[in-house]
Amino acid sequence: MSQPFASTFQHAAVAADHPLASQAGADILKAGGNAVDAAVATSFALSVVRPYSCGIGGGGFMVIRLPNHPRLGKVETTINYREWGIAAARPDMFENDPDPDAPTHGGKAVCVPGTVAGLLHALENYGTMTREQVMAPAIRLAREGFAVDQHYEDSARKDKLVLPWLEQDPTRQARFAFLWERFLDSGRIRKGYVLKLPEQAAALELIAKDGAKAFYEGPIAKAIVEAVRKDGGEMTLDDLASYRVEERAPLRTSFRGRSIMTMPPPSSGGVVLAQVLAMLESRSDLLDAAMEAAKVGGGASSPAYIHLVTEASKHAFADRARWMGDPNFTKLPLKAMLSDEYVRSRAAMIDMGKTLPPEAYGTATPLPPDEGTSHLSVIDAQGGAVACTETINLIFGSLLPVPEFGFILNDEMDDFATRGGKANAFGLDHADLNRPQPRKRPLSSMTPTIATRDGKVELIVGGAGGPRIISGTIQVTLKAMLFEMSARDAVGGARFHHQWRPDVLQLEPELRQAAGLADALAAKGHAVGDREAVATMQLIRASAEGWQAASDPRKGGAPAGH
Ligand code: GLY
């Protein structure tokens with residue numbers, strides 16, 4: 001029997017997008033670990049049970065808030081372990097590549113992975129347990145195996161870049177043989193298939209024993225470089241040995257009495273979230289009226305509410321496309337983008353009766369410089385919180401496995417601007433400042449976020465799904481905070497998405513089928529389209545009964561805790 005996607009826990013909880021990963025973290029919490037110990041255990045477990053979403057071949061972001069660490073006292077920080085470009089990366093490296101799939105499939109698509117360095121940095125600096133303790137559940141899952149679920153099967157079968165792409169041409173099956181044979185059961189992959197990954201267990205055991213060195217300098221590094229170079233990529237051992245994580249202060253914003261900590265660039269999600277919430281706050285009159293109408297309609301689904309959030313999002317996504325990239329390479333106009341004056345000026349343009357021409361969103365005037373995925377949320381018994389989002393980018397990343405160690409390498413190159421005038425696999429336009437360069441991190445939509453009220457955690461949220469992560473995070477936050485929905489309703493309910501370009505307002509089926517809704521939005525000028533799932537979200541929220549935790553039913557997860 002499948003586990004419920006939402007539950008309430010008295011002391012501590014983990015909401016990940018696979019029940020076995022949530023359980024791995026919950027066991028660590030039960031054994032006395034803090035939120036960071038549990039997040040690291042959950043993430044390593046996800047590397048095994050969600051191998052197409054994230055894992056040790058990818059990267060991520062972690063937002064940490066610990067009220068009272070035994071050594072450090074209060075901790076509020078973010079860890080950036082996003083993958084970065086190899087030394088051979090060049091801004092125009094894909095412009096004339098005859099292979100249209102080069103930025104997404106195979107060795108050229110791979111950026112230097114950051115997950116192992118990031119997780120171990122978090123554990124060593126902010127955790128309380130040993131590598132062996134927190135990695136034990138993942139090692140066991142990799143050795144003993146786990147049953148593939150419906151989401152795994154659907155992701156492999158339905159994603160046009162995975163099974164349908166491999167089936168088109170048998171040479172592709174040979175090129176990605178380990179993926180084809182082991183992760184996809186030679187094309188027969190079905191729910192219930194038991195996937196064992198003794199090779200990844202061996203990698204995790206080496207990392208548990210020798211730390212990040214095992215991955216970045218040892219036999220795993222050698223195997224990664226061999227796999228990438230055999231497939232036409234130019235990664236070197238030095239690329240791996242020189243990888244570094246970085247810590248930055250959280251991006252802070254506030255909304256209706258709450259303090260919000262989220263991820264700064266190279267996440268674009270935190271900035272878009274902050275801009276949208278600030279625009280909504282500056283038009284409180286519109287927001288209150290739209291919410292009243294939405295409540296009558298059953299919650300967060302009236303034309304006025306969807307239009308208001310969409311219009312604010314279009315301004316923020318337009319600025320994302322024009323002005324954002326890795327802050328280590330370009331000075332981003334963050335101060336200007338988040339200034340009261342600018343946010344108010346964009347919010348003042350919102351017309352509740354109609355949409356504007358696409359070029360009217362955000363600003364094209366230079367601003368003064370100043371800037372495949374899985375999310376897990378954790379709360380520990382001391383009120384410590386972690387929001388962590390990780391990715392290998394598209395489903396099964398670059399498709400390129402490291403056969404000796406049973407994991408998949410990312411295709412994060414496609415989150416850079418790779419070809420002038422051409423959107424990436426998520427349909428996102430990017431400015432030239434997001435072109436590939438050595439040690440540069442591609443712009444991301446991952447939006448791990450923690451909100452507090454009166455000094456206590458109110459919610460821990462984030463999701464997977466490319467740019468739809470940002471829409472999901474905004475909407476789940478508003479549902480939990482303003483509509484006071486339970487975690488179950490805030491996560492389970494229908495969502496919508498607009499990323500400025502393409503100029504389409506995507507509605508999940510429940511909204512598409514709601515009487516009169518699509519017509520009312522079309523009457524305001526929206527080009528209305530369909531989207532089966534607008535992100536997959538994980539939320540933990542405080543309630544009078546305890547910690548409500550929900551793992552998005554769109555991905556088949558379940559929370560765990562005690
Ligand atoms: N690879 C998806 C993201 O970082 O936005």
Side-chain angles (χ1 to χ4, degrees), residues 17 43 46-47 50-63 78-85 103-105 109-115 118 155 159 161-162 245 251 262-273 313 316-317 320-321 324-327 371-376 387-400 408-418 423-431 434 436 440-449 462-474 497 499-501 533-538 555:
D17 64 19
S43 170
L46 284 167
S47 178
R50 287 280 180 238
Y52 54 93
S53 299
C54 58
I56 59 177
F61 298 136
M62 191 182 283
V63 180
T78 72
I79 303 178
N80 171 8
Y81 52 101
R82 179 84 163 150
E83 305 93 317
W84 74 19
T104 54
H105 292 63
V110 183
C111 287
V112 183
T115 291
S155 299
D159 193 293
L161 298 177
V162 188
V245 301
L251 179 71
T262 185
M263 195 67 206
S267 161
S268 63
V271 175
V272 173
L273 172 76
S313 300
F317 269 101
R320 176 198 194 280
M324 293 193 68
D326 186 341
E371 163 195 26
T373 307
S374 179
H375 174 83
L376 62 103
C388 173
T389 316
E390 300 176 325
T391 189
I392 51 172
N393 196 23
L394 304 177
I395 299 288
F396 283 109
S398 64
L399 306 193
L400 192 69
I408 304 287
L409 290 163
N410 69 82
D411 60 343
E412 226 63 63
M413 275 290 179
D414 195 55
D415 273 348
F416 282 119
T418 54
N424 76 354
F426 295 115
L428 287 166
D429 288 328
H430 288 124
N434 187 39
K440 188 184 200 177
R441 291 175 158 109
L443 189 61
S444 171
S445 298
M446 297 187 288
T447 317
T449 298
R468 293 169 291 277
I469 294 170
I470 306 176
S471 300
T473 305
I474 292 167
H497 173 68
Q499 62 188 46
W500 179 55
R501 282 189 180 143
V534 170
T536 53
M537 306 296 301
Q538 269 63 250
K555 197 165 176 179

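In listed order, ligands and their atoms are each counted from 1. Because only heavy atoms are used, hydrogens play no part in the values below, and waters and symmetry mates are left out as well, while side chains stay in.
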Problem set entry | Closest approach of any protein heavy atom to atom 2 (C) of ligand 1, naming residue and atom | D415 OD2, 3.2 Å
For this session: State plainly whether the residues R82 and D415 are in salt-bridge range, i.e. N to O under 4.0 Å.
Result: yes
Exercise. Heavy-atom distance under 4.5 Å between the side chains of P103 and N424, does that happen here?
Worked result: no
Exercise. Do the side chains of W84 and P266 get nearer than 4.5 Å, heavy atoms only?
Worked result: no
Problem set entry | Contact atoms of ligand 1, heavy-atom distance to T391 under 4.0 Å | 1 (N)
Exercise. Which ligand 1 atoms are under 4.0 Å away from a heavy-atom of S444?
Worked result: 3 (C), 4 (O), 5 (O)
Exercise. Taking N or O atoms only and a 3.5 Å limit, does T373 qualify as a polar contact for ligand 1?
Worked result: no
Seminar exercise, completed: Quick note on ligand 1: atoms under 4.0 Å from a heavy atom of S445 include exactly 3 (C), 4 (O), 5 (O)
Problem set entry | Side chain, backbone, both or neither: I469 near ligand 1, heavy atoms under 4.0 Å | neither
Problem set entry | Step-by-step side chain to side chain donor-acceptor pair (under 3.5 Å) determination, S374 to D17 | CA-CA 7 Å; S374 179; D17 64 19; 2.8 Å; yes
Exercise. Do the side chains of E390 and H375 get nearer than 4.5 Å, heavy atoms only?
Worked result: no
